[in-house]
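Taking it in order: structure first as structure tokens, then the write-up.
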4 protein chains.
Amino acid sequence: MQLGLIGLGRMGGNMRDRLRAAGQEVVGYDHHKETTDVASLDELVDKLAAPRVVWTMVPAGQITEKTIDELAELLSEGDIIIDGGNSKFTDDAPRAERLKAKGINYLDVGVSGGIWGNTNGYALMVGGDAEIVAHCQPIFDALKPAGQFGFAHAGPHGAGHYSKMVHNGIEYGLMHAYAEGYEILEASELVQNVPAVIKSWREGSVVKSWLLDLLDRALDEDPQLANLKGYAEDTGEGRWTVDEAVRLAVPANVIAASLFARFQSRQEDSPAMKAVAALRNQFGGHAVKR
Amino acid sequence: MQLGLIGLGRMGGNMRDRLRAAGQEVVGYDHHKETTDVASLDELVDKLAAPRVVWTMVPAGQITEKTIDELAELLSEGDIIIDGGNSKFTDDAPRAERLKAKGINYLDVGVSGGIWGNTNGYALMVGGDAEIVAHCQPIFDALKPAGQFGFAHAGPHGAGHYSKMVHNGIEYGLMHAYAEGYEILEASELVQNVPAVIKSWREGSVVKSWLLDLLDRALDEDPQLANLKGYAEDTGEGRWTVDEAVRLAVPANVIAASLFARFQSRQEDSPAMKAVAALRNQFGGHAVKR
Amino acid sequence: MQLGLIGLGRMGGNMRDRLRAAGQEVVGYDHHKETTDVASLDELVDKLAAPRVVWTMVPAGQITEKTIDELAELLSEGDIIIDGGNSKFTDDAPRAERLKAKGINYLDVGVSGGIWGNTNGYALMVGGDAEIVAHCQPIFDALKPAGQFGFAHAGPHGAGHYSKMVHNGIEYGLMHAYAEGYEILEASELVQNVPAVIKSWREGSVVKSWLLDLLDRALDEDPQLANLKGYAEDTGEGRWTVDEAVRLAVPANVIAASLFARFQSRQEDSPAMKAVAALRNQFGGHAVKR
Amino acid sequence: MQLGLIGLGRMGGNMRDRLRAAGQEVVGYDHHKETTDVASLDELVDKLAAPRVVWTMVPAGQITEKTIDELAELLSEGDIIIDGGNSKFTDDAPRAERLKAKGINYLDVGVSGGIWGNTNGYALMVGGDAEIVAHCQPIFDALKPAGQFGFAHAGPHGAGHYSKMVHNGIEYGLMHAYAEGYEILEASELVQNVPAVIKSWREGSVVKSWLLDLLDRALDEDPQLANLKGYAEDTGEGRWTVDEAVRLAVPANVIAASLFARFQSRQEDSPAMKAVAALRNQFGGHAVKR
């Protein structure tokens, strides 16, 4: 099957490789000349036979919006745009509506797997109409891992990105659960070989997971994580997950705490803790650090 | 190798099976007549050649303490007691000391794997002296999963139970992260097939794990979890993990929130929320539920 | 000074009383015939001399929006609309813009004080242009408590409602801190007279506050809070505060936990805890409640 | 009434002043020569007529324990020791038992009020036998604020320190609620005058409290809290409160989060966040800070 693929960065580049390895025909476009297959979106569209399927894999937000708008100008009725980036789910229904007005079909796909997807396959969560999903199934089958898992048609437009958003919210929580446990082990006077303990959990234990495998891998490279700072960005999905928990009245202390810990990790000093320090000084005469 | 095994319940019974399947000689004792191999602790000790290795797999706390005290009366200098139950790590060093006074060696072992351990192997975290660990290695090797993972000598007496405690604290956090994400998906207007989304994460995704596999399994059996209540006991390790975080000044919002959610799940009504309701009524005249 | 006041419910009715007691001239309008001073908005506007000041004190959201739109049709250039309801701060700047197009000035005011405001005065946080604030100062002075506190010009349009939103977010946190402490005292085997302990904190202690006074008052009426359920609604500001914390990357575990506890208090059963129970059953064979 | 008072630091010194101002006779002892009234504990005991009442106001833990042990050697049957320090409540019953064996009575008193107690009075929570409490009432009356509040006989030995412990746990939560709100206001683009907003809440608002007054006071001195670090110690009671919540199965996310935030404020780098950063790097190739 033919696929136009826009955005050949860390994710898109690997996806092209995996698709090609599976025998799919991919025409990739990227603004980096070294990696692109074609010189322009026009050329990309020209190279595809109708009905075309074009997958965008560019940064969420304005770049995605702009890319899809440009594409829509070039595509024809019956073509399909798939957004596999980390767009906010609320963008999908209006976008689908806009494209539908031009006869263009739309799918939103949440893609998980990171830099390992090329090898392991990508977990795909898809939103949109069933027949359009069915039409693109060969692409999904090539990208997803072998076997029965790694793919879901989650619901209508937006359901794919929504599922990926929650996936990432969970991911924050999982990572932080391991992280807290790791810190307690590190602080303990009793446990002398923390990396060995982590390793012992990789098989047979209730907490075994791919993330745990990766933590072990990181500790193999740097047994005390001495070469990095306790600093983490967040990329949108964690925040949206908490916003959704708030909107839907779902208690979400774990995911929220994981998100807040990232915020905290990026602060040079905490205004809140300044207020606490000021209060302790005021009522108790407790010393403050200056 | 010979092993005396005391306690043949859900965990111990399976462990006996796995050990025997691996060619180890197990003499099991349990107060249930149907499952026990011997009629008494005396008989168990009699059947083992010195230096004996006896593994206790009975409920943590007084039963374990009493069992080990009785055993210590029957064993001889040079014998080894291994406690594989969920004892609190602070019990181990004093216990080892008491046993040492009689010339009996001691190991504490954290055992993870639940009812699947018989098939998958058990993750083992061991505390105690290296030579005693080495002596018992054939037992550990039979219990642990095949391959390089699933076993660690974590440190001195207590380090095994400590590692298992933190393991369980992490387990609480992991489970609750999935649980919150599950609830958000369930509450969402967009995601129509929650079990399918969970299934899609089992391969290729960043959140893939054994716990996720089990969540999928539970949803296969009961797609809306309609046949059970949102009620969960806690068995000690979660509480001790939070106590340790507090003692060691480790921020642990995720694990603590997971534990508190279990407490909450067992309350018929919340005294704290009564106080909140009373306050809202007092200052704002807001209606209360009676 | 003359004031038109729309909405004479629990808050607005008391405010009219306080304003009149302070010698201000209030024309009140409400759709309840027993309380209204005039039969219609037209009549209200007619009774006021230009430049008119009209204060809306109606439920936030569509009712406020509709009321202000209707008012704007009736008012003249140079008149002033003040929204004292719990509108979301993001409504204010667009609303001010719309009104400005008609030459009508706008202020947003966050009003705290609940049913006690009539007696104690209301804390007022104002957003808008300084000269408009100055023009309305006699109204603010009549509503606010005597003395130097209870009034702030917080910033431009929206800053009043924003400040009130954060005020309420803090209120959630304060209430829940007392509530947790109350629950611990109630659960303790040692403390025999919980209401007496609460009472002891009302003077001299670091935790003395008006909310604590009210908790004591509630316990005077019902020493074990036996006549109410642990159930609490939330009215918007708490959610917006958490949304803002998320948007601004401010760690806010306390306020978020207080909000989530309210969500929790309204759930008949917790889908998240069902997932936890299902997982425990799957890996450990732990019994579930049905 | 006569009182021996041991420990004349920030708290004890002020208490002596307040007691004397109320006409009580205080013999104070401190190891600082400038402040002590007597040269030794012996001299202190000599100066008091039986039955003696001696109040210890020294650092909790070993110093308190040692002081009380020394005192017990010097006192006679029928004398009374009052510990007003921040002892852990679990110390009280054994201590009372030990003293009772010598015929010495014991009361534990939680004292709140900080450096303001001299002026405002101290809130006192007392544990012990009613007749001993009654005997000491003149001392309590002199220390407590005027009026009906500020004193409670909370229960048997330990109940006084227990109540004070929970009081401090609540205090952590209250402070952090204000602190989070403060940080959101500071981060907001809309609110231009944060100290003015805080000031507006001091009267008429639902969040008015003594702590808020102190926050305002701190902002008067340093409007942006620029001269202090966001760093806060914790002194035991917060940790014990969380331990008690865990022991009693009371959900306490707010108090726990407040405590964890203090831990966090003292970390140069967060091992947990290092683990998160390492994981993000492993699965997504996300850049880490070094």
Tell me, for A:Val276 versus chain D, whether the close heavy atoms (under 4.5 Å) come from the side chain, the backbone, both or neither.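 Answer is both: backbone and side chain atoms of A:Val276 are under 4.5 Å from chain D.
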
Proximal component of A:Ala226, with respect to chain D [non-hydrogen, under 4.5 Å]: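 Interface part for A:Ala226: backbone (N, CA, C, O).
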
Test of understanding: with ring pair (Phe, Tyr, Trp, His ring centres under 6.0 Å), list the residues that count as partners of A:Phe149, not counting sequence neighbours. none

Could you check which of [options] has the highest count of heavy-atom pairs closer than 4.5 Å to chain A?
options: D:Leu215, D:Val288, D:Ile115; result: D:Ile115
options: D:Leu219, D:Leu211, D:Ile184, D:Leu214; result: D:Leu214
options: D:Ala277, D:Ala261, D:Gly230, D:Gly181; result: D:Gly230

Below 4.5 Å, heavy-atom pairs only: which of A:Ala278, A:Pro271, A:Ala275 has the largest tally toward chain D? A:Pro271

Top of A:Ala187, A:Ala257, A:Gly285, A:Gly113 for chain D proximity - count of heavy-atom pairs under 4.5 angstrom: A:Gly285

Considering distance alone, list the donor-acceptor pairs between chain D and chain A shorter than 3.5 Å.
{"from": "D:Arg10", "atom 1": "NE", "to": "A:Gly284", "atom 2": "O", "distance (Å)": "3.3"}
{"from": "D:Arg10", "atom 1": "NH1", "to": "A:Gly285", "atom 2": "O", "distance (Å)": "2.8"}
{"from": "D:Ile115", "atom 1": "N", "to": "A:Phe283", "atom 2": "O", "distance (Å)": "2.9"}
{"from": "D:Trp116", "atom 1": "NE1", "to": "A:Gln282", "atom 2": "O", "distance (Å)": "2.8"}
{"from": "D:Glu183", "atom 1": "OE1", "to": "A:Ala272", "atom 2": "N", "distance (Å)": "2.9"}
{"from": "D:Glu183", "atom 1": "OE2", "to": "A:Gln267", "atom 2": "NE2", "distance (Å)": "2.6"}
{"from": "D:Arg217", "atom 1": "NH1", "to": "A:Gln282", "atom 2": "OE1", "distance (Å)": "2.7"}
{"from": "D:Glu221", "atom 1": "OE1", "to": "A:Gln282", "atom 2": "NE2", "distance (Å)": "3.3"}
{"from": "D:Leu225", "atom 1": "O", "to": "A:Lys274", "atom 2": "NZ", "distance (Å)": "2.7"}
{"from": "D:Asn227", "atom 1": "O", "to": "A:Arg290", "atom 2": "NH1", "distance (Å)": "3.1"}
{"from": "D:Leu228", "atom 1": "O", "to": "A:Lys274", "atom 2": "NZ", "distance (Å)": "3.0"}
{"from": "D:Lys229", "atom 1": "N", "to": "A:Lys289", "atom 2": "O", "distance (Å)": "2.6"}
{"from": "D:Lys229", "atom 1": "NZ", "to": "A:Arg290", "atom 2": "O", "distance (Å)": "3.2"}
{"from": "D:Gly230", "atom 1": "N", "to": "A:Asp269", "atom 2": "OD1", "distance (Å)": "3.1"}
{"from": "D:Gly230", "atom 1": "N", "to": "A:Asp269", "atom 2": "OD2", "distance (Å)": "3.1"}
{"from": "D:Gln264", "atom 1": "OE1", "to": "A:Gln264", "atom 2": "NE2", "distance (Å)": "3.0"}
{"from": "D:Gln264", "atom 1": "NE2", "to": "A:Gln264", "atom 2": "OE1", "distance (Å)": "3.0"}
{"from": "D:Gln267", "atom 1": "NE2", "to": "A:Glu183", "atom 2": "OE2", "distance (Å)": "2.6"}
{"from": "D:Asp269", "atom 1": "OD1", "to": "A:Gly230", "atom 2": "N", "distance (Å)": "3.1"}
{"from": "D:Asp269", "atom 1": "OD2", "to": "A:Gly230", "atom 2": "N", "distance (Å)": "3.1"}
{"from": "D:Ala272", "atom 1": "N", "to": "A:Glu183", "atom 2": "OE1", "distance (Å)": "2.9"}
{"from": "D:Lys274", "atom 1": "NZ", "to": "A:Leu225", "atom 2": "O", "distance (Å)": "2.8"}
{"from": "D:Lys274", "atom 1": "NZ", "to": "A:Leu228", "atom 2": "O", "distance (Å)": "3.0"}
{"from": "D:Gln282", "atom 1": "O", "to": "A:Trp116", "atom 2": "NE1", "distance (Å)": "2.8"}
{"from": "D:Gln282", "atom 1": "OE1", "to": "A:Arg217", "atom 2": "NH1", "distance (Å)": "2.6"}
{"from": "D:Gln282", "atom 1": "NE2", "to": "A:Glu221", "atom 2": "OE1", "distance (Å)": "3.3"}
{"from": "D:Phe283", "atom 1": "O", "to": "A:Ile115", "atom 2": "N", "distance (Å)": "2.9"}
{"from": "D:Gly284", "atom 1": "O", "to": "A:Arg10", "atom 2": "NE", "distance (Å)": "3.4"}
{"from": "D:Gly285", "atom 1": "O", "to": "A:Arg10", "atom 2": "NH1", "distance (Å)": "2.8"}
{"from": "D:Lys289", "atom 1": "O", "to": "A:Lys229", "atom 2": "N", "distance (Å)": "2.6"}
{"from": "D:Arg290", "atom 1": "O", "to": "A:Lys229", "atom 2": "NZ", "distance (Å)": "3.2"}
{"from": "D:Arg290", "atom 1": "NH1", "to": "A:Asn227", "atom 2": "O", "distance (Å)": "3.0"}

Tell me every residue that passes side chain to side chain contact (heavy atoms under 4.5 Å, CB included) with D:Ala287, counting only those two or more places apart in sequence or in another chain.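 Residues passing side chain to side chain contact (heavy atoms under 4.5 Å, CB included) with D:Ala287: none at all.
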
